[in-house]
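If you read the sequence from its start, that first residue is 1, and numbering goes on from there.
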Amino acid sequence: MRKVSMRLLLLFALCAAAVVAFGGGSATAGSAASQVSLVGTGGPQTGAFAPSGFGDVTQQEFPGASDNDGGGDPYNGIIDRSLSNGVGHGASVNSGQKAKSNPTFNFGFEGLNHYQQRYSRGGNQFSVEPPDQGMCVGNGYVVEAVNDVVNVYSASTGASVLPDNTATNIVAGFPRNVNHAVDLNSFYGYPAAVNRTTGALGPELTDPSCLYDAATQRFFVVVLTLDRNSNGSLNLVNHLDIAVSSTSNPTGSWNIYKTDVTNDGTNTGGANPGPFLGDYPHIGADANGFYITTNAYPWCCNGFSGAQIYAYSKAQLAAGAATVTMQHIDTSGMVNAPSDAGLTQPGFTVWPSQSPGTSQFNLANNGTEHFLSSNAADEAQMPVSGNAGTRTSNQLIVWTLTNTASLNTANPANPAVSLSNKILSVGQYGVPPKQQQPGSGTAPDTTVPQGHCLNDTTTATIAGVGCWKLLVTPTAHAAGAEVVARPDSNDTRMQQVDYANGKLWGALDTALNPDSGPQRAGIAWYVVNPTTPKIVNQGYLGATGHDFTYPAIGVTASGRGLMAFTATGDTLDPSAAYAPIDANAGVGAWNVVTGGTGAAADDGFSGYKQQRFPNPIRSRWGDYGAAAVDGKSIWIASEYIAHTCDYIDWGGPFFAGGTGDNLLGTCGGASHGPGPRTALANWSTRISQLTP
């Protein structure tokens with residue numbers, strides 16, 4: 001989704017609580033076993049680069065744009081796909097209460113932000129949003145990866161434990177402090193995203209996810225990588241890149257494996273021909289396997305080709321084996337529900353579960369991994385045509401993969417995992433509306449500096465009169481006046497899934513009517529017994545005057561949990577929030593995490609039509625948060641706006657008579673940073689440790 005009509009819409013430009021007794025499918029057909037090879041090593045060390053700044057041959061800020069463009073072409077760049085452009089229907093609920101007392105807050109810190117993302121590797125990066133936050137915790141470390149940068153922190157202090165790279169990270173003639181962060185292209189051993197000295201483009205990496213497996217004491221980071229031709233254009237080849245730490249120390253060497261997903265989809269011709277994009281990868285693990293799921297979209301068309309499941313031998317990955325057993329399963333046609341594809345639906349965002357510690361895996365049936373998915377989105381209801389469905393559902397799909405120990409079989413060419421599913425009836429959910437933030441729909445004032453600049457025709461600048469001349473061309477400026485955006489909500493796809501205390505825990509975004517008032521974005525959550533299967537508990541979280549988006553649930557071995565999410569509102573800037581969750585009591589009162597209150601409105605480039613993004617505007621947010629369990633503690637991570645930035649400081653010396661940083665929009669001051677933002681975006685991430 002989340003990144004065309006929700007997620008990597010990367011490139012349409014390239015090609016012109018009751019159990020219900022129906023539902024269920026099983027498959028080993030449509031699956032294929034293969035061997036995945038170790039292709040090299042990587043790690044959190046910055047690769048070679050030429051410092052960017054004076055004399056750069058390219059100033060482009062978005063993949064696929066040229067230097068004379070005002071911005072990226074529609075749907076170009078890292079934009080997760082989603083076919084659901086409209087809204088659905090959700091439930092009317094009582095407004096969730098704000099907590100007066102909370103689970104124990106231990107400490108928290110600001111994680112990666114857009115300044116660090118844009119100016120790592122000497123500024124040889126593109127501006128990217130949303131961050132797509134992956135986070136995992138273990139052995140005293142917190143690993144965070146976003147689009148397109150990674151950092152490793154001490155779990156006791158929150159300080160980065162990577163080498164300080166400030167002195168060598170030269171941008172526009174000055175060292176830039178990015179808090180030791182390393183670009184993901186470096187992490188995986190690739191050339192820079194853009195070499196600003198030559199204009200050469202490297203591979204495009206997106207959708208990072210992170211998992212620490214306590215059983216093997218290894219960290220796993222996965223991204224989707226899109227390859228390029230020699231001229232810089234995308235060649236449609238895309239692959240999952242799996243990085244596995246060589247030891248329990250994530251600051252050292254990592255082993256790299258690749259799985260090509262270009263031709264993994266339902267069809268090789270007809271309505272949705274390949275090649276395909278392996279969008280929105282997410283990861284999980286059980287006692288035996290490591291699992292990645294994707295959504296396969298045809299590059300050529302506005303359809304959907306089913307969720308794909310890739311099952312790997314976890315032990316072989318952890319050992320750094322030269323070859324690793326992998327079984328691929330296509331979920332197309334496995335869900336028994338009417339659709340334009342016939343009698344069955346494909347799986348959509350079939351999210352694999354992860355478990356805390358070493359004792360929570362399901363060992364039944366020679367090893368079992370569980371997944372959850374939803375089916376309100378157009379991808380599930382109208383996969384072939386890509387037309388609009390109802391965007392509403394009262395069904396939850398529980399998936400079960402058994403015989404996972406066969407991934408470690410003595411005959412690695414023939415694993416025999418088996419996938420089945422059951423449909424459970426749940427309360428109604430539907431595609432939510434966009435979020436509200438203070439000022440949404442009104443002209444940006446000086447506290448929203450990029451938006452204000454795009455409307456400013458009177459300020460004297462080094463480019464002439466009118467701030468907009470610093471950002472866009474006259475053609476782009478002709479698109480018209482800007483307003484404060486409404487940040488994007490999700491499209492009801494499943495979010496992070498945990499298997500803990502014998503239950504599955506998951507949540508998704510939905511439309512809600514709190515206190516019978518206007519429709520807002522909220523959360524539907526579920527606790528499921530996957531063995532029966534049946535709903536143990538379910539419910540909603542919404543609040544009058546607020547929007548809640550991108551939930552991520554973490555649950556300890558004892559069944560105590562927390563749900564992280566972004567909270568925005570009529571008077572609340574985008575903030576990092578949370579609520580407790582329990583199998584019996586459900587979700588409790590919510591609150592903004594300590595230190596996570598938004599300081600300003602979202603002011604990102606994707607929210608402005610002059611930056612040449614689609615009409616209607618998609619102000620990108622999310623596309624997911626994260627939760628991780630470490631013993632009795634739960635770590636949560638969400639996107640928020642951490643800092644303010646005054647308009648005069650944003651313009652700095654680019655305004656006539658101004659002073660400050662020689663990079664536009666960083667508010668970095670005369671010391672040249674570190675800045676709290678860039679000219680084009682102000683997103684940040686918040687990482688917090690709590691004890692439920």
Side-chain angles (χ1 to χ4, degrees), residues 56 58-62 65-74 76-77 114-115 118 126-127 129 172 434 436-487 573-574 599-620 641 643-670 675-683:
D56 287 348
T58 179
Q59 304 295 326
Q60 68 186 90
E61 285 291 336
F62 314 111
S66 62
D67 285 304
N68 60 0
D69 283 338
D73 291 330
N76 205 341
H114 191 258
Y115 178 91
R118 174 60 179 83
F126 289 115
S127 286
E129 61 178 1
K434 293 180 180 294
Q436 297 278 2
Q437 61 177 337
S440 286
T442 66
D445 63 20
T446 56
T447 67
V448 189
Q450 180 183 191
H452 189 74
C453 176
L454 290 167
N455 289 346
D456 180 347
T457 60
T458 61
T459 297
T461 78
I462 63 172
V465 176
C467 181
W468 64 269
K469 293 180 179 178
L470 298 172
L471 294 178
V472 297
T473 65
T475 299
H477 185 59
E482 305 289 358
V483 298
V484 176
R486 296 183 62 185
D573 288 314
D602 174 35
D603 185 33
F605 60 86
S606 63
Y608 298 119
K609 54 181 179 262
Q610 291 183 44
Q611 297 289 12
R612 301 283 300 282
F613 279 79
N615 187 18
I617 291 296
R618 285 191 65 218
S619 182
R620 301 310 309 285
I641 304 299
H643 305 282
T644 59
C645 182
D646 178 82
Y647 189 54
I648 299 302
D649 292 336
W650 181 90
F654 294 83
F655 288 177
T659 61
D661 196 2
N662 64 341
L663 293 174
L664 176 65
T666 67
C667 286
R677 61 164 296 158
T678 74
L680 299 184
N682 62 338
W683 60 257

**Q** Is the backbone N or O of Lys434 less than 3.5 Å from a side-chain atom of Arg486, with the two atoms forming a donor-acceptor pair by type?
**A** yes
**Q** Is the shortest side-chain heavy-atom distance between His477 and Lys469 below 4.5 Å?
**A** no
**Q** Restricting to non-hydrogen atoms, name the atom on Gly665 and the atom on Cys645 that form the minimum distance, rounded to 0.1 Å.
**A** O-SG, 4.4 Å
**Q** For Asp602, run the side-chain contact (heavy atoms from CB on, under 4.5 Å) check against Ile641, Val448, Asp573 and tell me which one passes.
**A** Ile641
**Q** For Thr666 and Asp661, work out which heavy atoms get closest and say how close.
**A** OG1-OD2, 2.6 Å
**Q** Give the minimum heavy-atom separation between Cys667 and Asp646, together with the two atoms involved.
**A** SG-O, 3.9 Å
**Q** Got a second to check how far Cys453's SG is from Asp603's CG, nearest 0.5 Å?
**A** 10.0 Å
**Q** Please list, chain by chain and in numerical order, all residues satisfying ring-ring contact (aromatic ring centres under 6.0 Å, His included) with Tyr608, sequence neighbours excluded.
**A** none
**Q** Would you give me the side-chain donor-acceptor pairs under 3.5 Å for residues 647-660, sequence neighbours excluded?
**A**
{"residue": "Tyr647", "atom": "OH", "partner": "Asp456", "partner atom": "OD2", "Å": "2.7"}

**Q** Which atom names give the shortest non-hydrogen contact between Pro444 and Asn455, and what distance separates them?
**A** CD-ND2, 3.5 Å
**Q** Ser440 side chain to Ala485 main-chain N or O, any donor-acceptor pair under 3.5 Å?
**A** yes
**Q** Tell me if a side-chain donor or acceptor on Asn682 pairs with a main-chain N or O of Ala601 at a distance below 3.5 Å.
**A** yes
**Q** Would you say the side-chain atoms of Asn662 pair up with the backbone N or O of Ala172, donor to acceptor, closer than 3.5 Å?
**A** yes
**Q** Could you tell me the separation between the CG atom of Leu663 and the CZ atom of Arg118, rounded to the nearest 0.5 Å?
**A** 8.0 Å
**Q** Ignoring hydrogens and geometry beyond distance, is a side-chain donor-acceptor pair present between Gln450 and Gln611 at under 3.5 Å?
**A** yes
**Q** Which atoms form the tightest heavy-atom contact between Ala679 and Leu471, and what is the distance?
**A** CB-CD2, 4.5 Å
**Q** Given 3.5 Å as the limit, does a donor-acceptor pair link the side chain of Gln610 with the main chain of Glu482, or not?
**A** no
**Q** Parallel, tilted or perpendicular, judged at 30° and 60°: which one describes the rings of His114 and Trp683?
**A** perpendicular
**Q** Any side-chain to backbone donor/acceptor pair from Glu129 onto Phe605? Under 3.5 Å, distance only.
**A** yes
**Q** Can any side-chain N or O of Ser127 pair as donor or acceptor with the backbone N or O of Leu680 at less than 3.5 Å?
**A** no
